[in-house]
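Heavy atoms only: backbone and side chains are in, while hydrogens, waters and symmetry mates are out.
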Amino acid sequence: METQQMHPVKISFSKRDPVTVSLARSHSKSWRRLLCILLLGLSLLPIRTLAMEENTVVALPTAVPTVSFAPVQEDLYSITQMENYYGHEGTDGGMYQYPDLTPNEKAKLPQLLEAYAAQERASQSVLDPTTDVEVGVYSLPRDQYEGEAVYVLLPVRELTQDELLAIIAAYDELGLPFTADSLSYRSCMRGGGANANRPMAAEEWDRYQLLLNLYKRQGLRPEGTGLPIPSESGCGLVKLHEDSFCGLDEFQLLPSRSLTDEELLVIIRTQYGEDFNVDASAFLQYEIQTRKEMTRLFSAPPSMEMHGEDWVLPANTYDVNAGDYQVYSSQFSAPLNGKTLTLQTMLNVDTQRMDTAYWSWSSSKNINTDIQGDPMDEKWLTLARSAVEAMRKDGVQIQSIGPTGERRLSNNHGFGVSLDVIMADGSCYDLTFSYVDDTLVSMVYHANGPAIYEPHIYDYDVDG
């Protein structure tokens, strides 16, 4: 907030005549009364305001003290980012995705520490495992992890006594004690709460995308072999037992520095396999054909930028009602009227026609509203017809239009109505309009007819 300052006040007094007031009527009682009020007002001023010399300007204190705030920029590679985001304090331990022991595990720990001191040992080691990990303790180079020496992976279930003993043993092997307070967001992930100890910085992610493209299209590979562990290279990536981590299949241990290209390539190889590659010329042809389809079906601007990953995969990966035929998946975006237009596309590789596409328009507005509308109002039919006729460029005519119910819009944008526009070739545009301003906020295109779901009418309770 901008600090508002009171402007300096200049009050000049003559040494010979401390206060001079010119009166038009010297004997008027009203003017005498005015003079008394003025003198009283001066007497109420702060003392230091009156303690002035002739022709001296004194600045009054500001209404709010002026404070200079230096911008604080978080280290983009710091391992404290998770802790800073979630806070130092967590739950009471009853939540299996909080990086800590549960109350029951903490209660067992003193007895198990005594048992370990009496030479009782776990059935297997949990130090630096790389595959099918349920419990893992990893040695970290302190100079690359801001002083942290250990990172621990724990499952989304209660630990067994044997697993607790194994953790105690791993710490002991590293020359460290294990206590109930050893774990934090800096040193632990539990139950699939995150897929890395810190997020990738933007420049790392940009290089990752570039290297991934080279990896799958031109056969670029890392020099090393096997899964990395942080004790050897500073960077680690391990494969998890998915059921123990809520479906998460891998975890990245990233040092508090910028990752090298070699480390990023090792991560890519671990994620996609050594033999993964694509026909670069085929992908280029798929992209060209996708852009042609975007123009034919949606009048998409040619300047839309492709970003993210493009893949060939079974269609039922995105749509459970689709078959196992192959589609080319890609994503495009472009600025449009102050918003960002995003288009996710699936091109049928065999027919070279658009199979499915998802349009969305981002907006900075946060409209948590319960404005009601009538989904059966005739105006929605007119808006839907106008929208599709403006987009479709191949002469295929509209066969029918009908509302399919109401929808709660994403990002707290209130509610809206959805309609299916069925085309003469059997394809369908599923359009959603906002009740707030009647604008088109999202669209799904299906080449094989409308999606199957039950219509729904909301009760407009936006408190949930």
### Query
Counting only N and O atoms by type, is there a donor-acceptor contact under 3.5 Å from the side chain of S244 to the main-chain atoms of L240?
no

**Asked** So, are R190 and D100 salt-bridged, with charged N and O less than 4.0 Å apart?
**Response** no

(Q) With a 4.5 Å cut-off on side-chain heavy atoms, are Y171 and V150 touching? (A) yes

Are R353 and D355 close enough for a salt bridge, meaning some N to O gap below 4.0 Å? no

- Message: Would you say that L159 contacts L154 through its side chain, given a criterion of any heavy-atom pair below 4.5 Å between the two side chains?
- Response: yes

Worksheet item: Strictly under 6.0 Å, is that where the ring centroids of Y286 and W311 end up?
Response: no

Does a side-chain heavy-atom distance below 4.5 Å link E105 with E158? yes

Look at R221 together with E274 and state whether they make a salt bridge at an N to O cut-off of under 4.0 Å.
yes

In this structure, CG of L237 is separated from CD of E263 (nearest 0.5 Å) by 11.5 Å

Report task. Report yes or no: does Y138 contribute a side-chain atom to a donor-acceptor pair with the main-chain N or O of L153 at less than 3.5 Å? Result -> no

query = Between D243 and R157, is there a salt bridge with N-O shorter than 4.0 Å?
reply = no

Q. So, does Y208 use its side chain to make a donor-acceptor pair with the main chain of I268 at under 3.5 Å?
A. no

Min side-chain heavy-atom separation T290-F332 under 4.5 Å = yes

**OP:** Would you please test F433 and L419 for side chain to side chain contact (heavy atoms under 4.5 Å, CB included) and show each step?
**Re:** CA-CA 9 Å; F433 294 90; L419 303 95; 3.7 Å; yes

Determine, stepwise, if the pair L431 / V388 fulfils side chain to side chain contact (heavy atoms under 4.5 Å, CB included). CA-CA 9 Å; L431 310 178; V388 172; 3.9 Å; yes

Rounding to 0.5 Å, atoms CZ (R257) and CG (D75) come to a distance of 13.0 Å

TODO: Salt-bridge test for R217 and D310: reply yes if a basic N is under 4.0 Å from a carboxylate O, no otherwise.
DONE: yes

- Take Y328 and N348, measure what side chain to side chain contact (heavy atoms under 4.5 Å, CB included) needs, and give me the verdict at the end. CA-CA 7 Å; Y328 169 72; N348 187 313; over 6 Å; no

Here the gap from D143 atom CG to E148 atom CD, rounded to the nearest 0.5 Å, amounts to 13.0 Å

Donor-acceptor side-chain pairing of Y77 and E203 below 3.5 angstrom = yes

Practice prompt. Begin with the C-alpha distance, continue with both residues' side-chain angles, and end with the deciding distance and a verdict on side chain to side chain contact (heavy atoms under 4.5 Å, CB included) for I168 and L109.
Written response: CA-CA 9 Å; I168 294 170; L109 191 58; 3.9 Å; yes

Working note: R392 + D425, criterion salt bridge (Lys or Arg N to Asp or Glu O under 4.0 Å); need CA distance, chi angles, decisive distance, verdict. CA-CA 12 Å; R392 192 76 182 239; D425 63 356; 2.8 Å; yes

H446 and S427: side chain donor to acceptor below 3.5 Å | no

Should E204 and R198 count as an ion pair when the cut-off is N to O under 4.0 Å? yes

Next on the checklist: Quick one: does any side-chain atom of Q119 pair with a main-chain N or O of Y116 as donor and acceptor, under 3.5 Å?
Outcome noted: no

query = For the residue pair Y445 and F298, is the inter-centroid distance of their aromatic rings smaller than 6.0 Å?
reply = yes

Taking every heavy atom of P141 against every heavy atom of P230, the minimum-distance pair comes out as CD-O, 3.3 Å

Self-check item: Short side-chain to backbone donor-acceptor contact, T270 and V266, under 3.5 Å
Solution: yes

### Query
Has the side chain of T404 got a donor or acceptor atom that lies under 3.5 Å from a matching backbone atom of S418?
yes

### Task
Examine distances only and state if a side-chain atom of Q344 and a backbone atom of S330 form a donor-acceptor pair shorter than 3.5 Å.
yes

Going by the angle between their ring planes, with limits at 30° and 60°, are Y98 and Y185 parallel, tilted or perpendicular?
-> perpendicular

- request: For residues M189 and L248, determine if any side-chain heavy atom of one lies less than 4.5 Å from a side-chain heavy atom of the other.
  value: yes

In this structure, CG of D430 is separated from CE of M443 (nearest 0.5 Å) by 9.5 Å

key: Short side-chain donor-acceptor distance under 3.5 Å, Q252 and N197   = no

- Query: Is it true that a side-chain atom of E242 and a backbone atom of D249 form a donor plus acceptor pair closer than 3.5 Å?
  - Reply: no

Margin query: Looking at F178, is its backbone amide N or carbonyl O close enough to the side chain of S182 to form a donor-acceptor pair, meaning the two atoms are under 3.5 Å apart?
Written below: no

Hey, is CD on Q111 packed in by over 12 heavy atoms from elsewhere, all under 6.0 Å? no

*Look at the side chain of K108 and the backbone N and O of T160, then say whether any donor-acceptor pair between them is shorter than 3.5 Å.*
no

